[in-house]
Amino acid sequence: MQAESKESNPHQWVKKWIAEEENSPLFGVLATVDHEYKPYTRTIAIREINERGALFFTQKGSKKIDHIKCNPATSLTLYLPSYKRQITFRGRIEALSNKENLQYWNTYPKESQVRFLVYGPRSGQRISSNKDLDKELEMVRKHYQNRLPDKPESYVGYRICPDAFEFYQLNNDRLSDAFIVNTNNGEWEIQRIIP
């Protein structure tokens, strides 16, 4: 693992590890706290990772959004199983602009858009069974059979903007590798730590 140089860019490191993951869908465990500072974690789909951070989408009314409003500090951990690796982002969550939300909605597969129209506006509400949702999904599919749905107001995106990273790789033939990467006066500083 080449990570000893203080000039190393953690974003390039993240990009390299993800590229080596054989194009698997990216999922991570997002940690937030509620208004009583009780922790909450959930697995989320990561839409994109770039130099600005990790991007995910959700729906208005979700616990995630309530927690983000209380405290935008967060931690996101990606598990990359192909090489037994883990990347943790630590930083703040920022809302995307309306323009960005629309741009990403328009790149969403149509079936995903249709599904979101069914569950997105009412996410978290209690139901007795999925039968009614299945019927509604079929109706919405038929309604949009020949056209694309407009972006609903409830579809919103957020970016995790990291100010620190943790990299971990499990090794079978020797001790595992672990690194912490923090910003120091605008520069990334890497420290190897005992795993």
Side-chain angles (χ1 to χ4, degrees), residues 8-19 21 24-81 85-109 112-113 115-117 119-125 151-168 178-191:
S8 294
N9 183 336
H11 296 287
Q12 294 301 319
W13 200 355
V14 169
K15 184 178 179 180
K16 179 179 184 297
W17 275 17
I18 289 172
E21 196 56 26
S24 299
L26 275 181
F27 293 93
V29 177
L30 178 72
T32 57
V33 295
D34 65 15
H35 65 283
E36 295 177 345
Y37 295 97
K38 293 179 180 176
Y40 193 93
T41 61
R42 80 285 282 158
T43 302
I44 61 170
I46 305 300
R47 185 72 179 274
E48 179 180 302
I49 296 179
N50 56 36
E51 293 277 334
R52 296 174 64 191
L55 195 68
F56 69 94
F57 286 83
T58 187
Q59 57 279 342
K60 288 185 177 179
S62 70
K63 285 182 183 177
K64 290 187 286 294
I65 293 182
D66 288 342
H67 295 181
I68 291 165
K69 288 177 181 175
C70 291
N71 185 345
T74 192
S75 174
L76 171 76
T77 298
L78 303 178
Y79 176 58
L80 307 173
R85 293 169 171 167
Q86 176 179 292
I87 306 171
T88 299
F89 295 66
R90 299 197 190 284
R92 299 177 67 78
I93 300 178
E94 297 178 358
L96 297 188
S97 67
N98 291 332
K99 182 180 179 182
E100 288 175 301
N101 284 328
L102 181 58
Q103 287 173 341
Y104 280 98
W105 173 262
N106 289 336
T107 63
Y108 218 28
S112 298
Q113 291 178 339
R115 287 173 177 267
F116 187 90
L117 292 178
Y119 75 81
R122 294 169 294 170
S123 178
Q125 294 180 8
K151 184 191 83 63
E153 185 184 349
S154 55
Y155 177 83
V156 289
Y158 288 85
R159 181 176 286 110
I160 299 165
C161 303
D163 52 33
F165 295 85
E166 292 181 17
F167 294 87
Y168 177 84
F179 296 88
I180 295 176
V181 185
N182 290 299
T183 53
N184 184 8
N185 295 324
E187 299 292 328
W188 291 107
E189 186 175 277
I190 297 175
Q191 296 177 335

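With respect to S123, the side-chain hydrogen bond (donor to acceptor under 3.5 Å, both in side chains) criterion is satisfied by exactly one of K60, K64, Q59: Q59. Test P162, P10, C161 against F89 for side-chain contact (heavy atoms from CB on, under 4.5 Å) and you get one pass: P162.
Side chains of V29 and Y79 form no contact here, defined as non-hydrogen atoms less than 4.5 Å apart. You'll find the side chain of I160 reaches within 4.5 Å of the side chain of F56, heavy atoms only. The closest side-chain heavy-atom distance from I44 to L76 is below 4.5 Å. No side-chain heavy atom of F165 sits less than 4.5 Å from a side-chain heavy atom of I180. Y40 has its side chain out of reach of D34: every pair of non-hydrogen atoms, C-beta onward, lies at least 4.5 Å apart. Proximity of V156 to L96: side-chain heavy atoms (C-beta onward) are nowhere separated by under 4.5 Å.
Within the structure, salt bridge (Lys or Arg N to Asp or Glu O under 4.0 Å) contacts touching residues 44-54 (residues at least two apart or in different chains) are R52-E100.
Within 6.0 Å of CG in N98 there are 12 or fewer heavy atoms belonging to other residues, nucleotides or ligands.
Taking both residues in full, the closest heavy atoms of A54 and I46 are given as CB-CG2, 4.4 Å, listed atom of the first, atom of the second, then distance. For R92 against P72, the heavy-atom pair with the smallest separation is NH2-CG, 3.0 Å. The two residues G28 and L78 have their closest heavy-atom pair at CA-CD2, 3.8 Å. When all heavy atoms of S62 and T58 are compared, the pair lying nearest together is OG-OG1, 3.3 Å.
Under the ring-ring contact (aromatic ring centres under 6.0 Å, His included) criterion, Y155 pairs with F57, W105, Y108, F116, not counting sequence neighbours. Annotation: side-chain hydrogen bond (donor to acceptor under 3.5 Å, both in side chains) contacts of E21 (sequence neighbours excluded): S82. In terms of the salt bridge (Lys or Arg N to Asp or Glu O under 4.0 Å) criterion, K15 has no residue partners (sequence neighbours excluded). With sequence neighbours excluded, no residue forms a side-chain hydrogen bond (donor to acceptor under 3.5 Å, both in side chains) with S154. Taking the side-chain hydrogen bond (donor to acceptor under 3.5 Å, both in side chains) definition, one finds that S75 meets it with R90, sequence neighbours left out.
Residue Q86 holds its CD atom at 9.0 Å from CH2 of W17, rounded to the nearest 0.5 Å. Between the CD1 atom in I65 and the OH atom in Y158 there is a gap of 4.0 Å [rounded to 0.5 Å]. Summarising the geometry, atom CG belonging to N9 is positioned 14.0 Å from atom NZ belonging to K16; distances are rounded to the nearest 0.5 Å. To the nearest 0.5 Å, atoms CG (L26) and CD1 (I49) are separated by 5.0 Å. N182 contributes atom CG, which lies 7.5 Å from atom CG of D163 (distance to the nearest 0.5 angstrom).
Side chain to side chain, T74 and T32 fail the donor-acceptor criterion of an N or O pair below 3.5 Å.
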**Request:** Check the pair F179, W13 against side chain to side chain contact (heavy atoms under 4.5 Å, CB included), reporting the backbone distance first and the verdict last.
**Result:** CA-CA 11 Å; F179 296 88; W13 200 355; 3.5 Å; yes
**Request:** Could you go through the side chain to side chain contact (heavy atoms under 4.5 Å, CB included) check for Y37 and N71 one step at a time?
**Result:** CA-CA 9 Å; Y37 295 97; N71 185 345; 4.1 Å; yes
**Verdict with reasoning, T77 to T41, per side chain to side chain contact (heavy atoms under 4.5 Å, CB included)** = CA-CA 10 Å; T77 298; T41 61; over 6 Å; no
